[in-house]
Amino acid sequence: MMRIFLLTTIAALFLNCSTEKSVFITKNFSFAQEQTLRMLSAVNNQPLYPRTTAKDGSLKLTDMYDWTSGFFAGNLWYLYEYTQDENWKQNAIRWTQSLEPLKTFKDHHDLGFMMYCSYGNAYRLTKNTAYKDILIESAKSLSTRFDPKTGCIKSWNYRKSWDGKREWFYPVIIDNMMNLELLFFAYKETGNPKFRDIAITHAETTLKNHFRNDFSTYHVVNYDTITGAFQDRGTSQGYTDASTWARGQAWAIYGYTMVYRETQNPKFLNAAMSAADFYLENKNLPEDKIPYWDFDVEDKNMSPDWINKNNLSLLKRDASAAAITSSALFELSEYAQNKKQHYQQAAKTILFNLSKFYTAESGTNNNFLIKHCVGSFPHNEEIDVPLVYADYYFLEALTRYKNSECK
Ligand code: GLY
């Protein structure tokens with residue numbers, strides 16, 4: 001009798017858990033489909049890509065050379081993956097194939113984002129070999145920005161720091177970790193070790209120069225173009241040179257989780273876990289685990305020149321950093337044996353809070369999914385707005401949650 005009761009209870013618990021999970025997933029993907037259908041009508045027939053909301057409240061589109069151009073296609077692929085609906089597939093193909101000219105693009109490092117979120121998902125879900133060839137050519141283009149002297153891929157061409165005070169001849173940003181996935185893909189498809197060597201060398205150099213002892217990250221590291229030596233560190237989108245920009249920390253968590261997946265080298269797992277622990281255990285992380293745009297905005301000892309220039313409260317959340325982190329933590333939980341439950345729980349908490357408190361009302365938010373993100377506070381650009389990449393990592397996190405074992 002007792003045995004039957006226990007078995008029934010366990011079955012009921014399992015059923016409830018599964019039901020709750022499947023209701024959550026269904027609800028969020030239904031909402032994503034409604035919003036994205038409206039977005040498709042809003043941008044129909046324009047060779048431009050949704051990015052955010054402009055200052056006048058209108059939908060802001062970009063050309064294909066912007067670093068965010070591949071995310072919308074990626075969103076369409078996640079909708080196709082979930083629904084298996086031919087209409088989503090045709091839209092995903094259309095928005096992916098328009099990016100083909102980028103395969104020879106060499107002007108900045110973001111080709112990994114642009115091509116792997118679009119063509120990478122396209123190839124993963126269709127196995128169309130034409131997409132594979134385009135990805136390999138893109139990886140070759142990205143590799144041209146690697147210099148063995150510095151041991152990393154140059155993120156941006158020469159520019160002054162955002163406040164004009166310093167010159168950066170070989171700036172590398174923490175975000176660049178994300179572009180390495182394209183190189184690992186090209187290595188696996190071609191067997192050419194050059195792609196893998198570049199990716200690993202970049203990850204090692206970044207581990208050496210972009211992290212503080214507590215595994216918080218600097219945003220920008222600048223190298224000497226002649227000797228390749230490390231020169232200086234700073235920020236472009238963070239609060240100060242010494243602070244930790246929330247999205248940069250999220251890129252580090254995601255980037256090193258992915259590099260561990262591709263290399264199985266424990267030092268990269270340690271970097272991913274330590275960066276994740278900095279985020280999750282940070283005293284400035286709000287209870288809902290959606291960070292302010294920089295972990296140090298409340299630090300009275302830091303006060304950058306631009307402070308209060310735009311008379312806005314500094315206490316704005318960046319839901320994009322949270323979406324990236326949630327997706328990364330679902331994967332990291334698979335590798336971090338002793339912290340599996342901890343990371344899975346944190347990934348779920350972030351995802352549930354995004355869904356409950358940060359998704360838009362249907363038909364609002366210019367038909368993006370997620371509200372309350374920050375592009376760049378110091379530039380007074382994209383403050384408290386939707387961002388297409390927040391939507392992308394939200395959909396990816398939902399997909400990873402769906403495919404994970406229910407807890
Ligand atoms: N990769 C640019 C950004 O995260 O804003």
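It should be emphasised that the depicted structure is a prediction, and the values quoted were computed from it without experimental measurement. FYI, the numbering just counts along the sequence from 1. Order of listing sets the numbers, starting from 1, for every ligand and every atom in it.
- Looking at every heavy atom in both residues, Pro378 comes nearest to Gln237 through CD-O, 3.5 Å.
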Pair up each side-chain donor or acceptor in residues 180-187 with any protein partner under 3.5 Å, not counting sequence neighbours, and list the distances.
{"unit_1": "Glu181", "atom_1": "OE2", "unit_2": "Arg261", "atom_2": "NH1", "d": "3.0"}
{"unit_1": "Glu181", "atom_1": "OE2", "unit_2": "Arg261", "atom_2": "NH2", "d": "3.4"}

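- Residue pairs meeting the salt bridge (charged side-chain N to carboxylate O under 4.0 Å, His left out) criterion with at least one member in residues 369-382, sequence neighbours excluded: Arg51-Glu382, Lys55-Glu381.
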Which protein N or O atoms sit under 3.5 Å from any N or O of ligand 1? Give atom names and distances.
{"unit_1": "ligand 1", "atom_1": "1 (N)", "unit_2": "Asp175", "atom_2": "OD2", "d": "2.7"}
{"unit_1": "ligand 1", "atom_1": "4 (O)", "unit_2": "Asp175", "atom_2": "OD2", "d": "3.3"}
{"unit_1": "ligand 1", "atom_1": "4 (O)", "unit_2": "Arg247", "atom_2": "NE", "d": "2.9"}
{"unit_1": "ligand 1", "atom_1": "4 (O)", "unit_2": "Trp251", "atom_2": "NE1", "d": "3.0"}
{"unit_1": "ligand 1", "atom_1": "5 (O)", "unit_2": "Gln237", "atom_2": "NE2", "d": "2.8"}
{"unit_1": "ligand 1", "atom_1": "5 (O)", "unit_2": "Arg247", "atom_2": "NH2", "d": "2.7"}

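- Cation-pi geometry between Lys27 and Phe29 is not met at under 6.0 angstrom from the ring centre and within 45 degrees of the axis.
- Take Glu81 and apply the side-chain contact (heavy atoms from CB on, under 4.5 Å) test, not counting sequence neighbours, and it matches Tyr78, Arg124, Leu125, Thr399.
- When only modelled atom types and interatomic distance are considered, Asp299 and Tyr239 share no side-chain donor-acceptor pair under 3.5 Å.
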